[in-house]
Amino acid sequence: MTSPTGPLRGLRVLDLTRVLAGPTCTQMLGDLGAEVIKIEKPESGDDTRGFAPPVWPETTESAYFLGVNRNKKSLTLDISKPEGQAIVHELLDGCDILVENFKVGALAKYGLGFEQLSQKFPGLIYCSITGFGQTGPYAPRPGYDSLIQAMGGVMSLTGEPDGLPQKVGVPVADLFAGLYGCIGILAALRHRERTGQGQQVDIGMLDTSVAWLANQGMNYLATKENPPRLGNQHPNIVPYQVFPTRDGHIVLSVGNDPTFARFCEVTGQQALLSDERFATNAARVANRQFVTETLTPVMQQRSTDEWVAALEQAKIGCGPINTLEKVFADPHVQARKVVVEMAHSSGATVEVIANPVRLSSTPPDYRVPPPQLGEHSEEVLSGLLGMSESAIQALRDKGIV
């Protein structure tokens, strides 16, 4: 374990989260230098410890858990018991931030709600990540990624026009909620720096999902018309989509009219520029189907690699559709050191996906591997709270830790 180098070094986080949205938030804080104490239920721990297979070779840890729990110390603690709640209060004496993703009102039953803790710890930044936020008619409901993708609209936009609505292949609703939570915490830290006052950061997964509807959300607000599913096509730009090639597929991203002119030159289709249906992006959007049908046989004349070489030379956005094997073997991905090896406490070496935030002076670091369940319980209780070995053993005997 090394000392943190990131810009949040010196801050301490009490992490009462599990699964993905909350752990994504707290891992980002840990990567940026904060000390994160992850509270886990004795014996079972974070739900994702059981999200397997796959498990990492030579360990009993699920790959899922390893992905969002580095730079955290694991303390097993039963917060439903008064003794566990008392330990939380003791820990909060030395913490700056609390992050939780329990159902609305659940922690208040244990005296750990925001209103209760803010009276004792007025400088505490308390981040709550839930499915639907702290207020509104849906607030009591549980939130799940696929449910939020459905209710937030993105599933209505994803998939082929004549096919079923599709969720995104990774849990983006969870991930965005965690990242927005981190942004809110950083803003609250700045406010506390100026005033000494903490506050609650209320993150609802449905709110964040509506926020990242982006151009499609704005298209609806401008027209009051539901955008159709377009498969791999762009709603506002044509051609900006997947095309079949001689040996596979390619993504073509023609962002403006000058780029389309270069595309026509590279593909030998200069005659299209004199056709009013191709002359401008607006015309191509209006004639989307005809443009696609015209260009499809053109793109099938060469292999994906041949097209990528020719189009990149003309500075035309394009690329192959990589499997994950190809992603991690890509020379650019490798040059950017997107995979980091960490020495796990089991004795194995685990690989994790690097933090994508690149800071020139205070970069993220990788000092604590994803912990085994309760790995740091004694360290936290004795080192931070000064508990004796006999006191810790008494807590173990009662099942509190």
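Here the structure is a predicted model, which means the values were calculated and not measured. We number each residue from 1, following the sequence as shown.
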Do NZ/NE/NH1/NH2 and the carboxylate oxygens of [X] and [Y] come within less than 4.0 Å?
X	Y	result
K38	D46	yes
K41	D78	no
E160	R229	no
D96	R192	yes
R262	E265	no

- Query: Do you know which of Q372, E379, E40 makes side chain to side chain donor-acceptor pair (under 3.5 Å) with S74?
  - Reply: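 Result: among Q372, E379, E40, E40 is the only option passing the side chain to side chain donor-acceptor pair (under 3.5 Å) with S74.
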May I ask you to decide if [Y]'s main-chain N or O and [X]'s side chain share a donor-acceptor pair within less than 3.5 Å?
X	Y	value
Y366	N355	yes
Q313	A310	no
Q27	G67	yes
R49	Y64	no
R9	G6	yes
T158	M155	no
T292	R288	yes
N281	D257	no
Q334	F328	yes
D15	K72	no

- Task: Under the side-chain hydrogen bond (donor to acceptor under 3.5 Å, both in side chains) rule, what do S303 and T245 come out as? Steps first, then yes or no, please.
- Result: CA-CA 5 Å; S303 70; T245 63; over 6 Å; no
- Kindly determine whether E293 and Q289 satisfy side chain to side chain contact (heavy atoms under 4.5 Å, CB included), including the steps that lead there. CA-CA 6 Å; E293 291 174 353; Q289 187 62 33; 3.0 Å; yes
Nearest-0.5 Å distance that lies between atom [atom1] in [X] and atom [atom2] in [Y]:
X	Y	atom1	atom2	answer
I250	Q241	CD1	CD	12.0 Å
I316	T267	CD1	OG1	7.5 Å
L272	F260	CG	CZ	5.5 Å
K224	N226	NZ	CG	11.5 Å

- Would you verify whether the NZ or CZ of R284 falls within 45 degrees of the ring axis of F278 while also being under 6.0 Å from that six-membered ring's centre?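 Ring-cation test returns no.
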Might you point out which heavy atoms bring [X] and [Y] nearest each other, and give the distance in Å?
X	Y	answer
A261	L273	CA-CD2, 4.0 Å
N236	N219	OD1-ND2, 3.3 Å
H344	P369	CA-CB, 4.2 Å
G399	P42	O-CG, 3.8 Å
A139	V104	O-CG2, 3.4 Å
E61	L66	CB-CD2, 3.9 Å

- Task: For the residue pair L29 and I185, establish whether any side-chain heavy-atom pair is separated by less than 4.5 Å.
- Result: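 Result yes, sub-4.5 Å side-chain heavy-atom pair found.
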- Take T17 and N101 through the test side-chain hydrogen bond (donor to acceptor under 3.5 Å, both in side chains) and record every step on the way to the result. CA-CA 5 Å; T17 73; N101 61 350; 4.9 Å; no
- For the side chain to side chain contact (heavy atoms under 4.5 Å, CB included) test, which of L75, T76, L98 pairs with I39?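 Exactly one candidate clears the test, L75.
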- Could you point out which residue of E35, E375, E378 forms a salt bridge (charged side-chain N to carboxylate O under 4.0 Å, His left out) with K73?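 Only one of E35, E375, E378 forms a salt bridge (charged side-chain N to carboxylate O under 4.0 Å, His left out) with K73, namely E35.
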